[in-house]
2 protein chains.
Amino acid sequence: MRLTTRGRYAVTAMLDLALHAQDRPVSLAEISERQTISLSYLEQLFSRLRQSGLVASVRGPGGGYRLVESSANIWVADIIDAVNESVDTTNCQGRGDCQSGSICLTHHLWEDLSQQIHNFLSSISLADLVAKRNVQDIAHRQVTQLLTLDENVRANAC
Amino acid sequence: MRLTTRGRYAVTAMLDLALHAQDRPVSLAEISERQTISLSYLEQLFSRLRQSGLVASVRGPGGGYRLVESSANIWVADIIDAVNESVDTTNCQGRGDCQSGSICLTHHLWEDLSQQIHNFLSSISLADLVAKRNVQDIAHRQVTQLLTLDENVRANAC
DNA sequence: CTAATACCCGAGTATTTTAGTCAACTAATA
DNA sequence: TATTAGTTGACTAAAATACTCGGGTATTAG
């Protein structure tokens, strides 16, 4: 899980979309102007967002992009995953052939933390950010997820 | 809050330190070998970690680095903050002079999300990662923090 | 005392990522 | 049919990342 400016741009653009695509599609030119992100860069980002099934395009005059699902079903983690290619963070590529056990251990610990961050961002929807409600719901989902963490951890291999 | 490979290296190195600095200092050469991170790069990272007061150095033969505080008091967010310089993620530099309200709104929403991520990583200590216990404690802290989120949000300005 | 250890520091550099440009194209519609 | 707006790919400047090199300095084992 990486969190760079690229992901920030994507989340910002999706937030703009969620705020403005109530009935009609929203063109990238609009988002570009409102959020001061270059049009061509938005095109690259939305190409990936479209391939990931988060948005759908409408061509021609009056066209633009719209959310495929309700903003309540779009998670921040999905947006960030869509625009970032995933990287292997271990040295042994998960083969588990590290020389000393300590290497595997720290890799393992990092992977676990990374998973926790991912779970966290998978519990926050665009609608949560926009509506600014449901904070207790988010917290509740967090508890549920973190309480099942031990099982995930046991299933991991270096 | 950025989460890049740089922060990953820092957390990995600090984890290595927490695992091995039980009594004696740990040299960067050891960490370099175990975690396959270049020595000079580690020197740069630990320079910042030292300036942030997270580690202390011991010079001379048998020297190295040690944690200033117990690993239970070192939070993942502190490590990542130490090695990354903070960036302003708004277009109006917090002056609030964006033309349309929608720009300020999305900036605001992103800032809020960023703060939530920071809070989350501020609730996980090195010791949590190592010990792999206290998951319920983490969850509990999460609840507490997220429930106070609304106040923070109200205090924000674009 | 001195040689070895290991931190300290700054300059420089290769690589990758980011962010953006440009140009040609296709689909849809007014 | 002209215009709008997405689609795609190649290309590029700028920044960040990851790393190297070459000197330092403090400490200590011998």
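Chain A is the first sequence line, chain B the second, and so forth, proteins listed ahead of strands; every chain is numbered from 1. Note that the coordinates shown come from a computational prediction; the quantities given were computed from them, not determined experimentally.
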query: Should Arg50(B) be listed as having a side-chain N or O under 4.0 Å from OP1 or OP2 of dC9(C)?
result: yes
Length of the CG-P vector between Asn84(B) and dA16(D), whole Å: 11 Å
- prompt: Of the non-hydrogen atoms in Asn84(B) and Arg2(B), which two are nearest, and what is the gap between them?
  reply: ND2-O, 3.6 Å
query: What's the CG-P distance between Leu17(A) and dG6(D), to the nearest Å?
result: 11 Å
message: On DNA chain C, compare the nucleotides closest to Ser47(B) and Gly63(B); which residue's is nearer the 5' end?
response: Gly63(B)
query: Reckon Arg2(B) has a side-chain N or O less than 4.0 Å from the OP1 or OP2 of dT17(D)?
result: yes
- request: State whether Ser57(A) places a side-chain N or O below 4.0 Å from either non-bridging phosphate oxygen (OP1 or OP2) of dA5(D).
  value: no
message: Is there a continuous path of hydrophobic side-chain contacts, each under 4.5 Å between heavy atoms, that joins Leu45(A) to Leu39(A)?
response: yes
- request: For Leu28(B), answer base if it contacts any base atom (sugar-phosphate contacts may also be present), sugar-phosphate if it contacts only those atoms, and nothing otherwise; contact means non-hydrogen atoms under 4.0 Å.
  value: sugar-phosphate
task: Could you check how far CZ of Arg59(B) sits from C1' of dC9(C), rounded to whole Å?
output: 10 Å
statement: Which of dG20(C), dT20(D), dA5(D) is nearest the side chain of Ser38(B)? It is dT20(D)
message: Taking the nucleotide of DNA chain D with the nearest heavy atom to each, does Val58(A) or Ser40(A) sit closer to the 5' end?
response: Val58(A)
message: Please verify the inter-ring angle class for Tyr9(A) with Tyr41(A); under 30° counts as parallel, over 60° as perpendicular, anything in between as tilted.
response: perpendicular
statement: note: Gln44(B), atom CD; dC8(C), atom C1'; distance rounded to Å ~ 12 Å
task: Grab the OH-C1' distance between Tyr9(B) and dC19(D) for me, whole Å please.
output: 10 Å
query: Taking CG from Leu45(A) and P from dT8(D), how many angstroms apart are they, rounded to a whole number?
result: 15 Å
- prompt: If you look at every strand shown and take non-hydrogen atoms under 4.0 Å, does Phe46(B) touch a base, only sugar-phosphate, or nothing?
  reply: nothing
field: Length of the CD-P vector between Gln51(A) and dT7(D), whole Å
entry: 10 Å
message: Can you see if the side chain of Tyr41(A) gets near the phosphate of dG20(C) - specifically, an N or O under 4.0 Å from OP1 or OP2?
response: no
- request: Take atom CD of Glu43(A) and atom C1' of dC22(C), then tell me their distance rounded to the nearest Å.
  value: 11 Å
- prompt: Are OP1 or OP2 of dA16(D) and a side-chain N or O of Thr4(B) less than 4.0 angstrom apart?
  reply: no
message: Is any side-chain heavy atom of Val68(B) closer than 4.5 Å to one of Leu54(B)?
response: no
message: Just N and O in the side chain of Arg6(A): are any of them under 4.0 Å from OP1 or OP2 of dT18(C)?
response: yes
query: Are Asp128(B) and Ser125(B) linked by a side-chain donor-acceptor pair shorter than 3.5 Å?
result: yes
